Amino acid sequence: MFDVKDIIAQAIHKQLPELSRDQIYDMLEYPPNPEMGDIALPCFKLSKTLRKPPVQIAQELASNISDMEFIDKVEPVSGYLNFFFNKPLFVEQTLKRILEEQERYGSQPIGQGKTIVIDYSAPNIAKPFHVGHLRSTVIGNSLRKIFEFMGYRCIGVNHLGDWGTQFGKLIVAYKLWGNKEEVEAHGIKELMRLYVKFHEEAEKDPKLEDEARSWFARMEKGDSEALELWQWFKDISLKEFQKVYDLLDVHFDSYAGESFYNDKMDAVIEELKQKNLLKESEGAMIVDLEEYGMPPCMILKKDGSSLYATRDIAAAIYRKKAYDFHKCIYVTGAAQSLHFQQWFKVIELMGYEWAKDLIHVPFGLVSLGGEKLSTRKGKVVLLEDILSEAIKKTLEIIESKNPDLENKEEVARYMGVGAVIFSDLYSNRIKDVSFSWDEVLNFDGETGPYVQYTHARCCSVIRKAPEQEDSSFNPCLLQTKEEYQLCKTLYQFPEKVMMALTQLEPSIITRYLVDVAQDFNRFYHEHPILVDDQQLRTARLALVKATRITLANGLKLIGLKPLERV
RNA sequence: GCGCCUGUAGCUCAGCUGGAUAGAGCAACGGACUUCUAAUCCGUAGGUCAGGGGUUCGAAUCCCUUCAGGCGCGCCA
């Protein structure tokens, strides 16, 4: 594997044995502009340990450092040591590596033999799938792809919200105002109507709440009428969710939701008792977390029924047994941060050393015109509607730009859905986002369609190029600003994937794809590729092929299918 | 009241675990299609990095503090 940074780190290490190669590796950075070289070592930090001014350190290193094949020039500039690559060699090695590794380019086998459980999406049964759920779904899906790319075995778990008092409410509403035909005909939309109606009516008549609670209690006791209705609601919901997942191309290995853990709770409560962690407070059972600066974690309500913390604890213990995970990752809204901290601590107090392997990956909430989304008030944007709008708009663009395209419908589907996913993975996940139709349906600039378009452009050039058997090329012919810059950006892909993995941050990939696309489009605009000069054409084609591979690999990591024609 | 998160161009956001002159896209304006897909490219304009202190050779980045917004804090998940 070709890694210039490592080569440079080693050369510096020879001069400065007091620092490890890894330490030096981490100090190396990419200078802000090309005149400052390709890689730089700031010497300011070394100043203290070496008891010399940084300028002098840089100068000494520059004159003593041994000649390296990959480096043309080493230049000390006001405390920085700037390395200038041997461009042809760098270009050759970088492109060769990409062209050889193909769909493996960017991956490192760091996860061999390790299992990651990723808990994502987790919509609530009988409630519509809206923009808010999309984030968990696409972030989780992308993290899963990234981990798999790095050699981990991944278990995607959809922890369905399929248990709780809301089903009591739904049963009451169904019995009072609903009927079988309407539900069969309109699915979740009808269930949501009933749910919203329940809350409206319950404000006038609080007795409804009691009724709902008693229906839920019947469910917990195994009452067959209640459970049949529950199962029916669940089937209807899952069928509709499946349509969305198919459209998004998101899949799970397990749909074990909340109800799955019903019969696993008693054992957990028993264990907590035995380990002396449970404490009675105001009639309820809690784990006191005061000495850790947190409010108590509630395990049992006054009436003896369990809560979501109880379920999460049971689920974690089950997953550890079932999958023996290396890490278990929970992709949920930032609003739940405290909840996760609390029950992670409970797991730790129970004496499980793997408590440290539980990771909460929070993300900011989605609002709608400054207002919080609320299923109960019916204030939501349905994901289905967003996706179909995006597909419709894509189709319009195709009709006007490329009406002869084959299978327009299919391309529009991938492109439109991809645009929505891309925009959701575009900024740091922790940021709150305000949903805007304008933004989601804008296909210019830093967007999914822009990257897809660029990928298709690469494919198109490659298709039109004459066949050639020899894969070699002359890297000396790729020395212009645009060509070299593109090459340097392509070189960074493995680092970016690694960063996305350690930071659990898919947006690093998304942004990187835009960088690649920008660099490629500049190159494409400046330099004709399919020229008569066979040498030049072959060299530029190698660059196009490498770009295509990198874009395709990155797109797959954020859950998009790279398109060959748009 | 306590805790967590956020604050960078008119708007949406990057800024790599402290580094060189703070970068993109959108919107605006002006250019580039007889030539590999113009969903593209080039140029112009746009900044007290919320305010104030501190640490440091160096701060958008770390610490303290104020302000603004969001989210949490026992019987929902």
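Quick note on labels: first sequence line is chain A, next is B, and so on, each numbered from 1. Computed from a prediction, not measured in an experiment: that's the story for all the values here.
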Check your understanding: Can you find a side chain N or O atom of R457(A) that sits less than 4.0 Å from OP1 or OP2 on A38(B)?
Key -> yes

Check your understanding: With a non-hydrogen cut-off below 4.0 angstrom, is A40(A) in contact with a base, only sugar-phosphate, or nothing?
Key -> base

Revision key, fill the gap. Across all chains, not counting sequence neighbours, the salt bridge (Lys or Arg N to Asp or Glu O under 4.0 Å) partners of E209(A) are none

Review point. Across the strands shown, which category fits S427(A) at heavy-atom distances under 4.0 angstrom: base, sugar-phosphate, nothing?
Key: sugar-phosphate

**Study point:** With sequence neighbours excluded, residues passing ring-ring contact (aromatic ring centres under 6.0 Å, His included) with Y524(A)
**Key:** F520(A)

Which atom pairs link the protein and nucleotides 26-30 of chain B when you take only N or O atoms and keep those under 3.5 Å?
none

Practice item. Not counting sequence neighbours, which residues clear salt bridge (Lys or Arg N to Asp or Glu O under 4.0 Å) with R319(A)? List them please. Key: D119(A)

Review point. Taking only residues two or more places apart in sequence or in another chain, which ones pass side-chain hydrogen bond (donor to acceptor under 3.5 Å, both in side chains) with D22(A)?
Key: none

Review point. Tell me: OH of Y491(A) to C1' of C16(B), nearest whole Å?
Key: 15 Å

Review point. In whole Å, what is the span from the CD atom of E29(A) to the P atom of G58(B)?
Key: 17 Å

Check your understanding: Heavy atoms under 4.0 Å, any strand shown: does V544(A) hit a base, just sugar-phosphate, or nothing?
Key -> nothing

Review point. Atom CG of L513(A) and atom C1' of A24(B): how far apart are they, to the nearest Å?
Key: 15 Å

Practice item. Take the protein atom CE of M27(A) and the nucleotide atom P of G18(B), then report the distance between them rounded to whole Å. Key: 12 Å

Revision key, fill the gap. Per the under-4.0 Å heavy-atom filter, residues of residues 44-58 of chain A near RNA chain B come out as F44(A), K45(A)

Exercise for review: Determine which pairs satisfy side-chain hydrogen bond (donor to acceptor under 3.5 Å, both in side chains) with at least one residue from residues 23-43 of chain A, sequence neighbours left out, and list them in order.
Suggested key: D3(A)-Y25(A), S20(A)-Q23(A), Y30(A)-E495(A), D38(A)-Y484(A), D38(A)-K488(A)

Point to revise | Cation-pi, Y414(A) ring and K561(A) (6.0 angstrom, 45 degrees) | key: yes

Practice item. Provide, to the nearest angstrom, the distance between the CG atom belonging to N33(A) and the P atom belonging to A22(B). Key: 12 Å

Point to revise | Residues which pass ring-ring contact (aromatic ring centres under 6.0 Å, His included) with Y318(A), listed by chain and number, not counting sequence neighbours | key: F260(A), Y261(A)

**Study point:** Annotated protein contacts, base or backbone, on nucleotides 70-77 of chain B with a non-hydrogen cut-off under 4.0 Å, one of B, S, - each
**Key:** SSSSBBSB

Check your understanding: Rounded to the Å, how far apart are K496(A) NZ and C16(B) C1'?
Key -> 6 Å

**Study point:** Distance-only polar pair, side chains of T489(A) and Q485(A), donor-acceptor under 3.5 Å
**Key:** yes

Exercise for review: With P as the reference atom in both, quote the distance from G70(B) to C57(B) in angstrom, rounded to an integer.
Suggested key: 41 Å

Point to revise | Salt-bridge criterion met for E399(A) and K408(A) (N-O under 4.0 Å) | key: yes

**Study point:** Pairwise C1' distance for U56(B) and C41(B), with rounding to whole Å
**Key:** 43 Å

Exercise for review: Could you identify which residues of residues 516-534 of chain A place a heavy atom less than 4.0 Å from some atom of RNA chain B, listed by residue number, or say none?
Suggested key: Q518(A), N521(A), R522(A), Y524(A), H525(A), H527(A), P528(A), I529(A), L530(A)

**Study point:** Between E211(A) and S214(A), a side-chain donor and acceptor under 3.5 Å
**Key:** no

Review point. Are T447(A) and N442(A) close enough that a side-chain donor and a side-chain acceptor fall under 3.5 Å?
Key: no

Check your understanding: NA contact type, M294(A), heavy-atom cut-off 4.0 Å: base, sugar-phosphate, or nothing?
Key -> nothing

Check your understanding: Over how many whole Å does the gap from K431(A) atom NZ to C11(B) atom C1' extend?
Key -> 14 Å

**Study point:** Listed partners of R565(A) passing salt bridge (Lys or Arg N to Asp or Glu O under 4.0 Å), at least two apart
**Key:** none

Review point. Given atom CG of L563(A) and atom C1' of A39(B), what is their separation to the nearest angstrom?
Key: 12 Å

Practice item. Check whether the ring centres of F233(A) and F167(A) lie less than 6.0 Å apart, and answer yes or no. Key: no

Practice item. Output, in order, the C-alpha distance, side-chain angles, deciding distance and verdict of salt bridge (Lys or Arg N to Asp or Glu O under 4.0 Å) for E483(A) and R540(A). Key: CA-CA 8 Å; E483(A) 288 160 327; R540(A) 287 185 179 158; 3.0 Å; yes

**Study point:** Residue closer to the 5' end of RNA chain B, S78(A) versus S460(A) (nearest nucleotide)
**Key:** S78(A)

Exercise for review: Could you classify U48(B) for me, syn or anti, using a glycosidic angle within 90° of 0 as syn?
Suggested key: anti

**Study point:** G7(B) to G47(B) separation - C1' atoms, rounded to the nearest Å
**Key:** 15 Å

**Study point:** Near-ring test W163(A)/Y308(A), centroid separation under 6.0 angstrom
**Key:** no

Check your understanding: Across the strands shown, which category fits Y450(A) at heavy-atom distances under 4.0 angstrom: base, sugar-phosphate, nothing?
Key -> sugar-phosphate

Check your understanding: What does D515(A) touch in the nucleic acid at a heavy-atom separation under 4.0 angstrom: a base, only the sugar-phosphate, or nothing?
Key -> nothing

Check your understanding: Is any side-chain nitrogen or oxygen of N428(A) closer than 4.0 Å to OP1 or OP2 of G15(B)?
Key -> yes

Point to revise | Presence of donor-acceptor pair under 3.5 Å, side chain of N82(A) and base of A20(B) | key: yes

Review point. Can you list every pair that meets salt bridge (charged side-chain N to carboxylate O under 4.0 Å, His left out) and has a residue in residues 433-457 of chain A, with sequence neighbours left out?
Key: none

Practice item. Please work out whether G53(B) sits syn or anti, treating a glycosidic angle within 90° of 0 as syn. Key: anti

Point to revise | Side chain of I430(A) (C-beta onward), nearest among U6(B), A20(B), U12(B) | key: U6(B)

**Study point:** C33(B) glycosidic torsion: syn (within 90° of 0) vs anti
**Key:** syn

